[in-house]
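Take a look at the structure below.
All heavy atoms count here, side chains included; hydrogens, waters and symmetry mates do not. Every chain is numbered from 1 and lettered A, B, ... according to where its sequence line falls, protein lines coming before strand lines. Keep in mind the model is a prediction, meaning the values are calculated, not measured.
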Amino acid sequence: MDAVFKALADASRRELLDRLRAENGQTLGELCARLDMTRQAVSKHLVILEEANLVATVRRGREKLHYLNPVPIHEIAERWIGKFERGRLQALSDMKQALEARDE
Amino acid sequence: MIDISTFKPKTVYVIYIAAAPEKVWQALTDPALSPHYFHGCRLEIEPKVGGDFVARFPDGRVNVKGKVVEWSPPRRLATTWLVEWVPELREFPPCLVTYDIAPAGEAVKLTMTESYSWDVPDALLAGGRGGWPAILSSLKSVLETGKPLGITLEPPRGMMEVVKDLAATKPWLKTL
């Protein structure tokens, strides 16, 4: 679990996870093309994310595809969010989204 | 048999489980164990390539059905998936669900891959994305502690509207 929190404690790595959430299964090249980071930096961040099991990779022919793996985050949520709290938290989150959308 | 080389992975989930590969394989294939982690569903799998695969709700209704594409105990299990319980989804092309079991030190690295032969929209994938982490975490809990997690889930909001729209337009009929 330490590895997950360490991996998430970096804005560039969270940005990479956001990019995979928007479009899953990207190659290193595709990820680099849309980010203001060097290939080496992206590659290094992906290793840390993969070691924390937040990114899963699949080899497809000569390509290595990267996928967001939310399983460790789900395990963290399961540890601290009880099944009776989930509905109320969802309601609060929906309310926040609705109110903030109206302000835009 | 379907040509699996045309399928592209769309969702890939990995979980580490402190158990032997044979135990993980047994949990994935034993109908008596699956209700403890698969939202109460009983998974019946004919142990051979081309065999039938059925996931039943506790009342016996069919949730998902398909065929076994790969049966390589205790390393790799692949089946096609046709969701039956939603009438509109019965018309959809099958997706492919693959489990890879790889030893990782004292533990096992279990990779679940959901692959599609067509350009499936994100809103449809959201169904699996909500369900799989809960199934995999519960499977881990059953294998490591003997106890399931007891998570209940509903389809994500907006998903059924997307399903109806896709059933009407059938985008998989367009060549990729």
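Of the two parts of B:Ser141, neither the backbone nor the side chain holds a non-hydrogen atom closer than 4.5 Å to a non-hydrogen atom of chain A. In this structure, chain B has a heavy atom under 4.5 Å from the side chain of A:Leu65, while its backbone stays farther away. Contact of B:Lys8 with chain A is made through backbone and side chain together, with heavy-atom distances under 4.5 Å. Heavy-atom distances place the side chain of B:Leu136, and not its backbone, under 4.5 Å from chain A.
Annotation: B:Trp81 is in aromatic contact with B:Phe53 [ring centroid separation under 6.0 Å].
Ionic pairing of B:Asp100 and B:Arg75 is not present here: no N-O contact between side-chain nitrogen and carboxylate oxygen is shorter than 4.0 angstrom.
Of all non-hydrogen atoms in B:Tyr116 and B:Leu125, the two that sit nearest each other are CE1-CD2, 3.4 Å.
Heavy atoms of other residues, nucleotides or ligands lying less than 6.0 angstrom from CG of A:Asp36 number 12 at most.
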